[in-house]
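Quick notes on the structure that follows.
Please read these numbers as outputs of a predicted model, since none were measured by experiment. We count ligands from 1, going down the list as the structure has it; atoms in each ligand are counted the same way. Residue numbers count from 1 along this sequence.
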Amino acid sequence: MWKSAIEDAVEKTRNNIDRFGELFPHVSMKGRYELNDNNDWTDGFWSGLLWLCYEYSNDSVFKEKAKQTVESFQNRLNENIVLEHHDIGFLYSLSSKAQWLIEKDEAARELTLQAADKLLGRWREKGQYLQAWGPKYDEKEGGRIIIDCLLNLPILYWASEQTGELKYSNIAVTQTEKSRRYLVRGDDSSYHTFFFNQETGEPIGGATHQGYTNGSTWTRGQAWGIYGFALSYHYTKKSAYLETAKRMAKYFIQHLPDDYVSYWDFNAPVDENTPRDSSAAAIAACGLLEIINHLNEGDLERTYFEDAVQKMMQSLVENYSTIYEKDAEGLLNHGSYHVLGNLAIDDYMIWGDYFYLEALMRLEKNHRGYWYE
Ligand code: GLY
């Protein structure tokens with residue numbers, strides 16, 4: 001089943017190369033991807049999809065297109081095009097870092113290190129955190145961290161491995177610790193965002209940006225947490241990070257509906273119109289598969305996570321993917337970007353497509369994504 005789902009994804013991505021041209025897909029509207037220049041937080045996912053398709057098919061069409069996107073990412077860094085946010089990690093892990101991992105291309109490694117340096121510019125010394133969005137000292141955004149940032153940290157851990165300089169991993173560890181302490185709650189659910197006093201670093205409180213309420217658990221945020229803490233464990237081997245990833249994963253699994261694909265927020269009231277977020281399920285599946293890699297075979301927890309991830313992925317392929325829609329542009333239906341903001345509800349999300357294919361490649365090929373060497 002995984003193989004035919006991957007082959008379908010590869011063919012759809014092949015068709016999209018001509019459709020998208022020089023542009024980058026973001027989210028869909030009425031079944032068509034909205035395309036933009038390389039200027040959004042999501043543009044690395046298209047590169048990552050192309051690299052995964054290249055690795056599966058060995059077809060140079062994917063490699064050439066992926067390399068073109070990396071050139072565009074070089075230009076984006078040179079020109080500093082909309083990089084005043086922490087998603088530099090997403091952008092460059094899946095574009096230039098993927099190229100480095102696959103081809104050992106020195107220019108791609110150098111570009112990724114430059115991107116890691118740029119991300120360090122988000123570090124706020126007084127508060128000891130990476131500011132998610134907006135300029136330094138911004139009245140509203142200056143004190144904000146968000147749980148999504150955990151997926152931006154691998155580029156920093158990697159930069160320390162590559163250069164031997166600890167400045168990157170020290171910041172990644174501090175951010176991971178801060179996220180455990182303030183974003184993850186006592187019952188293993190999570191805040192989407194948390195605010196600190198910019199001058200003193202004193203904690204102010206948790207809030208949401210894309211979730212149902214400030215105290216609710218936005219499912220994609222929980223998924224970023226699962227995968228992000230598991231990746232921090234991969235790099236640091238600090239057992240607390242694996243423990244946090246496992247606990248957040250259990251919360252996620254225990255709150256899933258019968259078909260194993262999450263609604264958009266675990267606290268949103270559910271009726272027949274409540275939107276799902278299939279992208280959260282795809283991200284969580286990658287996180288579960290990363291956790292499983294760190295557990296011994298036969299371990300009861302490992303069996304529990306294996307069972308859950310099989311059910312989630314089966315449901316995604318059978319009920320949510322476009323495997324039975326030959327001409328579809330996207331791979332995964334029923335993602336939700338920002339429900340209360342009325343943005344892309346029940347649509348394709350390019351990150352949903354990327355993590356869906358990464359999860360399939362993990363299951364079929366023991367692939368590990370592009371987050372570490
Ligand atoms: N990182 C932004 C989002 O998940 O929507």
What I want to find out is whether [X] reaches [Y] closely enough, with some N-O distance under 4.0 Å, to be called a salt bridge.
| X | Y | result |
| --- | --- | --- |
| D105 | K67 | no |
| R368 | E290 | no |
| K12 | D353 | no |

With sequence neighbours excluded, what pairs up with D138 under the side chain to side chain donor-acceptor pair (under 3.5 Å) test?
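In terms of side chain to side chain donor-acceptor pair (under 3.5 Å), with neighbours along the sequence ignored, D138 is linked to no residue.
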
Only distances under 3.5 Å count here; give the side-chain donor-acceptor pairs of residues 228-236 to other protein atoms, sequence neighbours excluded, each with its distance to 0.1 Å.
from : atom 1 : to   : atom 2 : distance (Å)
S232 : OG     : Y157 : OH     : 2.9
S232 : OG     : T176 : OG1    : 3.1
Y235 : OH     : W371 : O      : 2.6
T236 : OG1    : S232 : O      : 2.7
T236 : OG1    : K238 : N      : 3.1

For ligand 1, the residues whose heavy atoms come within less than 4.0 Å (ordered by chain, then number):
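Contacts of ligand 1 under 4.0 Å: W41, D148, Q210, W218, R220, W224, Y337.
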
Test of understanding: with ring-ring contact (aromatic ring centres under 6.0 Å, His included), list the residues that count as partners of Y137, not counting sequence neighbours.
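Once residues adjacent in sequence are excluded, Y137 has no partner under the ring-ring contact (aromatic ring centres under 6.0 Å, His included) criterion.
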
